[in-house]
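Below: the structure, in structure tokens.
These figures come from a predicted structure and were not determined experimentally.
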Number of protein chains: 2
Amino acid sequence: MGLSIGQVAERTGLSVHALRFYEREGLLADPVRRESNGRRVYSEDDVDWLAMCIKFRSSGMPLDTIRRYTELVRQGSGNELDRLDLLRSHQDYITAQLEDLQESLRVITHKVSIYEEHVAAGTASCLWTDASSTEGPARASSA
Amino acid sequence: MGLSIGQVAERTGLSVHALRFYEREGLLADPVRRESNGRRVYSEDDVDWLAMCIKFRSSGMPLDTIRRYTELVRQGSGNELDRLDLLRSHQDYITAQLEDLQESLRVITHKVSIYEEHVAAGTASCLWTDASSTEGPARASSA
DNA sequence: TTAAAAGCTAGAGTGTTGTCTAGGTCAAGT
DNA sequence: ACTTGACCTAGACAACACTCTAGCTTTTAA
């Protein structure tokens, strides 16, 4: 039931350094329990919480915001609207990221397909000399 | 036809600092032309190239990789397969990001909906006291 | 019993991506 | 003449999120 920092590092993929760092930064709902010798003992709940933090992080939430969220949870009930606000705005942020990424993917896929055509053509004979229509400044190498 | 650094900053959304920085970092296909007085003169092609760099950046390509790509383009024809490689691997990277983000969105949307239920219930009467089933360590506040 | 492995704290160091400052030039307007 | 504003270079500084080091204690395995 109680996990050492090393075990938690293994399970979460965070380094032990990062785990201590996150704790110092106030990202854990409660300051991790300690054994008599001072060593950290993590519960499954701690690991779940960390997993959530990792999801937040990987979707671009800054540590600062995770800390604010953590504080709200730590304060207990009464601020659910604030938590909801924070979550919704992160939701919006993710949605915006998704749209940007999809657009980026569209653009790069287009570039890839142009290069593929060129390369396919070039496999037969090396007749083309620049990436015109894919690279801006390389275009026609002129005014 | 020739744009000042300030105009390019306006058009691209990059700061003039960032524009000079990108140039120093070798992210521009050719070192920007200068007026007699040393001031930069950007062409539309430069702006197009910058727009592409911005797309690369915003989809998580490090400056380092953009520089490598730029170098390939600068070298001229003959390395199209290398460019294609680089582009394809970034394409894969974006795809992976999209999947991660979608998963994150799923998780956070679930949390949001749980909070919404709680808050809706609480609007009538403040009967619930914690975020159990949404927050790990806050759960039942016990062993 | 002793050596390796794992943990601890405090704090320094790092990589990335810019941003800002200092000190100066140049052109235009008043 | 003088101020304002855009531009220049070189280089210092900064935010973010870790990562690593030093110096120490404790646990575990041989």
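- The side chain of A/R24 places no N or O atom within less than 4.0 Å of a non-bridging phosphate oxygen (OP1 or OP2) of D/dC18.
- Using a 30° and 60° split on the angle between ring planes, B/Y69 and B/W49 fall in the parallel class, below 30°.
- The backbone N or O of A/S4 sits nowhere less than 3.5 Å from a side-chain atom of A/R39 that would complete a donor-acceptor pair.
- For the pair B/I54 CD1 and C/dT17 C1', the interatomic distance rounds to 14 Å; values are reported in whole Å.
- Rounded to a whole Å, the CZ atom of B/R20 is 13 Å from the C1' atom of C/dA22.
- The interatomic distance linking B/E25 (CD) with C/dG15 (P) rounds to 14 Å, in whole Å.
- Computed from coordinates, the A/H17 NE2 to C/dT14 P distance equals 15 Å when rounded to whole Å.
- B/N37 comes within contact range of no nucleotide atom at all, as no heavy-atom separation falls under 4.0 Å.
- When the options A/R67, A/R20, A/R57 are evaluated for a salt bridge (charged side-chain N to carboxylate O under 4.0 Å, His left out) with A/E25, the one that passes is A/R67.
- Under 4.0 angstrom from either OP1 or OP2 of D/dT9 there lies at least one side-chain N or O belonging to B/R34.
- For the pair B/E10 CD and D/dC7 C1', the computed distance is 15 Å after rounding to whole Å.
- Put simply, A/R40 has a side-chain N or O that comes within less than 4.0 Å of OP1 or OP2 on C/dT9.
- Going from atom OH of A/Y22 over to atom P of D/dC18 covers 4 Å, rounded to whole Å.
- The CZ atom of A/F21 sits 15 Å away from the P atom of C/dA10 (whole-angstrom rounding).
- The pair A/E23-A/R34 meets the salt-bridge criterion, since a charged nitrogen lies less than 4.0 angstrom from a carboxylate oxygen.
- Remark: the B/R39 side chain and the D/dA6 base include a donor-acceptor N/O pair separated by less than 3.5 Å.
- Remark: the backbone N or O of A/L28 is paired with a side-chain donor or acceptor of A/R74 at under 3.5 angstrom.
- One finds a side-chain N or O of A/S4 lying less than 4.0 angstrom from the OP1 or OP2 phosphate oxygen of C/dG7.
- Across the protein-nucleic acid pair, B/E23 atom CD and D/dT9 atom C1' stand 12 Å apart, rounded to whole Å.
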